[in-house]
Engineer: 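After the structure tokens below, expect a handful of questions from me.
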There are 2 protein chains.
Amino acid sequence: MIDKLEMFIALAREEHFGRAALAQGVTQPTLSAAIKQLEDQLGVMLVWRGSRYQGLTPEGQRALVWARQIVGDARTLRQEMRVAREGLSGDLRLAVIPTALTVVSEITAIFGESHPNVRFSVQSKTSAEILSMLDNLEIDAGLTYLNNEPLGRVTTVPLYAERYVLVAKAGHPLLSGPVKWGDLGDVPLCLLTPDMQNRRIITQHLVEAGVETTPQVEASSIVVLVSHVVRSNLATILPVRAAEIFLKGDDLGAVPLIKPDASHVVGLVAPHREPFTPVLAALLDRARALSELA
Amino acid sequence: MIDKLEMFIALAREEHFGRAALAQGVTQPTLSAAIKQLEDQLGVMLVWRGSRYQGLTPEGQRALVWARQIVGDARTLRQEMRVAREGLSGDLRLAVIPTALTVVSEITAIFGESHPNVRFSVQSKTSAEILSMLDNLEIDAGLTYLNNEPLGRVTTVPLYAERYVLVAKAGHPLLSGPVKWGDLGDVPLCLLTPDMQNRRIITQHLVEAGVETTPQVEASSIVVLVSHVVRSNLATILPVRAAEIFLKGDDLGAVPLIKPDASHVVGLVAPHREPFTPVLAALLDRARALSELA
DNA sequence: GGGGTTTGATAGGCGTGTCCTATCGAAAGC
DNA sequence: GCTTTCGATAGGACACGCCTATCAAACCCC
């Protein structure tokens with residue numbers, strides 16, 4: 001039963017029988033049969049049938065909610081028993097927005113002190129992808145914005161409030177003092193791609209300041225942004241914590257962006273599951289200890 | 001997997017391999033094997049082994065919590081799919097404290113108006129039994145005291161506050177006006193057995209009023225209490241709502257018990273499961289509509 | 001519009017898992 | 001010390017799950 005629910009979740013995620021089967025490590029006929037049996041057992045049609053995958057029926061959507069819950073709990077049970085057997089160990093899968101990537105090392109550091117046997121796996125994703133991966137049990141926790149766009153049913157631990165700086169090559173005329181958002185009208189910029197919430201936040205502040213900017217370069221990674229700042233005459237806008245790591249040398253400079261002093265809360269998000277798994281409880285605990293916010 | 005978890009729950013409930021197997025409709029060797037496989041899969045010992053059942057290991061207790069959650073969710077999924085197929089129907093299993101039995105008809109009445117295809121199954125239990133049965137998935141909801149003794153992780157809907165009357169045969173000298181708890185020192189009483197929370201509440205009020213009473217008759221049913229009041233010279237103490245149904249004729253009388261005007265909240269309790277099953281959601285909704293309290 | 005591709009369903013065979021009955025060994029009870 | 005109770009074990013029947021191979025329908029592209 002649980003295996004079939006896992007296959008059902010995979011199907012809903014992949015929207016394709018073959019890919020879902022591959023993801024589950026079974027063949028396509030096996031997955032097809034499993035879905036059919038699930039439908040028989042539940043007495044309802046879960047998937048619109050045709051020669052292609054055509055989405056879930058309303059019952060299927062409803063069943064998906066429970067399937068995720070059940071499968072998630074089952075995994076948690078197994079994980080918790082493993083913890084009981086061999087202590088806190090295993091992998092903790094994180095997905096993180098690009099602008100918070102530098103914060104991960106703070107978390108892994110403080111966590112590693114008390115739980116050295118836990119390995120981390122970190123990937124850079126958009127905030128929307130993080131929420132989707134949490135739903136689909138593909139990650140254990142995420143690091144993203146907490147209070148700009150709706151999150152769904154998750155547990156959150158606020159960590160810090162993002163504040164923004166303008167980053168440019170040393171000697172850039174704007175670096176002499178704080179810069180207003182409204183002053184950026186004619187400044188050539190490179191920014192994150194619009195699928196990133198950070199970019200949407202920045203765009204919003206620029207628009208509110210009456211500026212309409214089309215960035216010269218868009219990228220999904222801050223490394224690309226900073227490289228461009230170093231090698232060309234573009235400037236970029238980054239959260240302080242993301243920028244710091246690049247400001248060690250003398251070739252770059254940064255000044256605060258003011259009017260307004262924008263501030264957006266970033267923190268940990270984890271599936272809301274009662275009770276918490278031991279690793280997750282430990283992670284949230286360490287994150288709370290690390291938090292700059294109430 | 002889910003089947004094994006069900007067997008595990010049954011074993012924890014019955015504390016006996018043979019009985020648990022019987023309850024699950026399998027033979028004892030099958031259940032023994034299932035538990036062993038569960039232990040293998042989880043990699044931990046769940047049950048203390050010996051020639052007899054000797055209780056759960058700490059890991060077993062922890063696993064039991066998740067097992068209940070998973071099995072409960074799986075049942076909910078099946079139920080919800082059945083509802084999607086044939087509308088709100090099926091059985092709703094209630095357990096109710098004796099003094100709230102008369103309230104059940106109010107709930108079934110208002111519920112039946114909107115959902116005529118749902119059958120009810122009602123049994124009279126102590127408050128402790130109700131909580132245990134909720135945990136063990138033996139009932140769907142309960143009707144019991146909400147704020148005297150700890151409930152655990154449940155959803156509650158307060159319905160009304162119990163107030164107490166002294167019930168005695170018509171003409172009994174105490175029936176002329178309100179009676180103080182402290183006046184009951186020499187009155188021969190029949191009361192519920194001490195495993196009932198109502199009895200513990202009454203005893204507590206009597207003790208606080210400085211009275212120590214040993215009831216002449218103890219019973220676990222209010223019908224027995226009232227019968228004794230009718231046929232002998234005993235009096236009893238009942239919540240107003242439990243007493244009303246017996247006061248239609250002229251042979252019994254009731255007067256309020258005062259100093260203090262004791263008041264204990266009674267309401268629905270249901271397992272805390274997100275999201276709610278449709279039947280349960282409907283039941284809680286109707287109960288809220290019925291509630292006398294905020 | 002026809003050949004090729006993609007997609008999901010179906011058929012048949014094989015291995016594993018699950019459940020049963022029968023029986024055993026150990027401990028508890030009289 | 002004998003019987004009863006309780007849970008584990010052994011062996012066999014059956015079902016289930018998964019695989020490979022194949023099919024039918026829809027889509028795609030020239």
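The chains referred to below are lettered A, B, ... by the order of the sequence lines, with proteins before strands, and numbering in each begins at 1. Atom set for the values below is all heavy atoms of this structure, side chains included, hydrogens, waters and symmetry mates excluded.
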Engineer: Roughly how many Å is it from CG in B:L31 to P in C:dC20, rounded to a whole number?
Structural biologist: 10 Å
Engineer: Could you tell me the separation between the CD atom of A:E39 and the C1' atom of C:dA9, rounded to a whole number of Å?
Structural biologist: 13 Å
Engineer: How many Å lie between CD on B:Q37 and C1' on D:dT9, as a whole number?
Structural biologist: 14 Å
Engineer: Within this structure, what is the CD1-to-P distance between A:I35 and D:dG17, rounded to whole angstrom?
Structural biologist: 13 Å
Engineer: Applying the side chain to side chain contact (heavy atoms under 4.5 Å, CB included) test to A:L268, which of A:T156, A:T155, A:L284, A:V154 qualifies?
Structural biologist: A:L284
Engineer: For the residue pair B:E59 and A:M81, establish whether any side-chain heavy-atom pair is separated by less than 4.5 Å.
Structural biologist: yes
Engineer: Is there side-chain contact between B:H228 and B:Q216, with heavy atoms separated by less than 4.5 Å?
Structural biologist: no
Engineer: Could you tell me whether the side chain of A:I201 reaches within less than 4.5 Å of the side chain of A:Y145, counting heavy atoms only?
Structural biologist: yes
Engineer: Taking only side-chain nitrogens and oxygens of B:T30, does any of them come within less than 4.0 Å of OP1 or OP2 of C:dT18?
Structural biologist: no
Engineer: Return the residues of residues 12-28 of chain A meeting this criterion: a heavy atom under 4.0 Å from some atom of DNA chain D. Order them by number, or give none.
Structural biologist: A:G25, A:V26, A:T27
Engineer: Could you pick out which residue, A:P29 or A:M7, lies toward the 5' side of DNA chain D when each is mapped onto its nearest nucleotide?
Structural biologist: A:M7
Engineer: Do the non-hydrogen side-chain atoms of A:I222 and A:N198 ever get within less than 4.5 Å of each other?
Structural biologist: no
Engineer: With a 4.5 Å heavy-atom cut-off, do A:K36 and A:D40 have their side chains touching?
Structural biologist: yes
Engineer: Are A:K4 and A:M1 close enough that some pair of their side-chain heavy atoms sits under 4.5 Å apart?
Structural biologist: no
Engineer: Taking only side-chain N and O atoms of A:K36, does any of them lie within less than 4.0 angstrom of OP1 or OP2 on C:dT10?
Structural biologist: yes
Engineer: From CG of A:D40 over to P of D:dC16, roughly how many Å is that when rounded to an integer?
Structural biologist: 12 Å
Engineer: Without decimals, in angstroms, what is the distance between B:K4 NZ and C:dT18 P?
Structural biologist: 4 Å
Engineer: May I ask you to test the B:I139-B:L134 pair for a side-chain heavy-atom distance under 4.5 Å?
Structural biologist: yes
Engineer: Take the C1' atoms of the five end pairs on each side of the helix from C:dG1-D:dC30 to C:dC30-D:dG1, get both axes, and report the angle to 10 degrees.
Structural biologist: 30°
Engineer: Under 4.0 Å: is that the gap between some side-chain N or O of A:S32 and OP1 or OP2 of C:dA9?
Structural biologist: yes
Engineer: B:M1 has an atom CE; how far is it from atom P of C:dT18, in whole Å?
Structural biologist: 12 Å
Engineer: Here's a test of your reading of the structure: between A:Y53 and B:D3, which maps to the more 5' nucleotide of DNA chain C?
Structural biologist: A:Y53
Engineer: Using whole Å, report how far CD1 of B:I2 lies from P of C:dT18.
Structural biologist: 14 Å
Engineer: I would like to know whether B:I107 and B:L283 meet side chain to side chain contact (heavy atoms under 4.5 Å, CB included); could you show each step before the answer?
Structural biologist: CA-CA 8 Å; B:I107 295 176; B:L283 179 69; 3.8 Å; yes
